[in-house]
Participant: 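Take a look at the following structure, please.
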Amino acid sequence: MPLLDVLLFASYAEAFGAPTVAVEVPDDATVADLVAALRTHPVGGATLPARPLVAVDRAYAAAGDPVLGRGEVALIPPVAGG
Amino acid sequence: MRHAIVHRPIDVAALLAEVTAPGNGAEACFVGTVREHNEGRAVTGIDYDAYGDMAEAELGRIVREAAARYGTTGVVVEHRLGTLAVGEASVAIAVGHARRAPALDAVRFVIEELKRRVPIWKREHYADGTRAWVEATTSAAAVGAELAHDDDAAEGDDP
């Protein structure tokens, strides 16, 4: 299974203890598959909310969107700008 | 139209000057500042962090949507990152328009969309020396699917 590098920020980076995490995902992985894989990560995985936001190629992605070969993938904590 | 993520103090007067034009009847402005208290705790400062490249992209989408929706190209927004003290401006928006109502509405649209969509996070410093990431008022689950759809429809969206 391919290894996918995922960017982490703010509270998620703190929970996972790093600014990026590499996870194994299926060849046809979707956002939902990625989140399921992240949940099993020994450090921080269990702290993720029910439906964390994911961005692919710097735009928000839906649960069924593919994540491989489409650019940068990031896990987005609840935003709090302003 | 202009948008920027900056690492220096925001010059609000410069933003207003940027959208001022002879055809305008109004220049409207919003400035967000660091408040000395939150949820009953004394706050001494805030660290602003962002997914920089995506924050730039999302801010750009919001500015273009505001311009199309309210009929003006006079829309500028800056959001500051780094450690800010109480009273400092974290965000400023200025809109110039022929009429005051759409000028005010456009400013409101930009700040509300920014708070909902732009990947920026803040960590408050408290008077007792502790720090904590601020949780958004709306849950990720509630806005997740909606945001993904927003982005699909964002380009060339009409009012």
Side-chain angles (χ1 to χ4, degrees), chain A residues 4-22 29-39 41 43-68 70-82, chain B residues 5 30-34 38 46-61 77 79-81 90-93 110-124 131-152 154-155:
Chain A
L4 179 63
D5 286 323
V6 180
L7 303 182
L8 303 170
F9 298 94
S11 57
Y12 291 176
E14 257 179 29
F16 282 77
T20 61
V21 61
T30 63
V31 164
D33 296 327
L34 169 65
V35 171
L38 284 165
R39 252 181 234 299
H41 197 268
V43 180
T47 67
L48 288 178
R51 287 170 56 198
L53 288 170
V54 172
V56 178
D57 193 23
R58 298 163 191 174
Y60 291 104
D65 290 348
V67 289
L68 289 171
R70 295 184 56 222
E72 206 163 74
V73 175
L75 197 55
I76 310 287
V79 303
Chain B
I5 301 289
F30 170 83
V31 182
T33 49
V34 175
N38 193 31
I46 296 181
D47 297 326
Y48 282 89
D49 192 12
Y51 177 8
D53 290 342
M54 183 176 167
E56 287 269 3
E58 201 67 35
L59 262 188
R61 285 189 275 265
V77 54
H79 199 300
R80 185 176 170 190
L81 300 182
S90 54
V91 60
I93 299 155
V110 172
I111 187 60
E112 298 300 339
E113 290 300 297
L114 183 158
K115 291 185 84 79
R116 198 170 73 90
R117 291 159 54 180
V118 178
I120 293 176
W121 302 279
K122 53 189 165 197
R123 183 166 51 181
E124 290 177 337
R131 296 177 181 195
W133 291 105
V134 175
E135 284 297 319
T137 46
T138 46
S139 76
V143 296
E146 196 190 339
L147 283 171
H149 280 280
D150 281 356
D151 270 12
D152 290 343
E155 306 300 326

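Just so it is clear: chains get the letters A, B, ... in the order the sequence lines come, proteins before strands, and each one is counted from 1. This structure is a prediction, so every number in the text was calculated from the model and none was measured.
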Participant: Please classify the contact between B/Arg80 and chain A as side chain, backbone, both or neither, with a heavy-atom cut-off of under 4.5 Å.
Facilitator: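 Nothing of B/Arg80, per the 4.5 Å heavy-atom cut-off to chain A.
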
Participant: Of the backbone (N, CA, C, O) and the side chain (C-beta and beyond), which part of B/Ala50 lies under 4.5 Å from a heavy atom of chain A, both, or neither?
Facilitator: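 Only the backbone of B/Ala50 comes within 4.5 Å of chain A.
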
Participant: Quick check: closest heavy atoms across B/Val118 and A/Val79, and the distance to 0.1 Å?
Facilitator: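 Taking every non-hydrogen atom into account, O-CB, 3.3 Å.
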
Participant: Chain A: which of B/Leu114, B/Ile46, B/Asp53, B/Val34 shares the most heavy-atom pairs with it under 4.5 Å?
Facilitator: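 Most heavy-atom pairs within the cutoff with chain A belong to B/Asp53.
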
Participant: Would you say the side chain of B/Trp121 lies within less than 4.5 Å of the side chain of A/Pro77, judging by non-hydrogen atoms?
Facilitator: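 Yes; the side chains approach each other to less than 4.5 Å.
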
Participant: Please report the interatomic distance OH(A/Tyr12) to CH2(B/Trp133), rounded to the nearest 0.5 Å.
Facilitator: 13.0 Å

Participant: Taking all heavy atoms of B/Met54 and all of A/Arg58, pick out the closest pair and write down the distance.
Facilitator: CG-O, 3.3 Å

Participant: Looking at A/Gly82 and B/Ser90, what are the two nearest heavy atoms and their distance?
Facilitator: O-OG, 3.3 Å

Participant: Contact part of B/Tyr51 toward chain A, heavy-atom cut-off under 4.5 Å: side chain, backbone, both or neither?
Facilitator: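 Both backbone and side chain of B/Tyr51 come within 4.5 Å of chain A.
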
Participant: Is the closest side-chain heavy-atom distance between B/Pro119 and A/Tyr60 below 4.5 Å?
Facilitator: yes

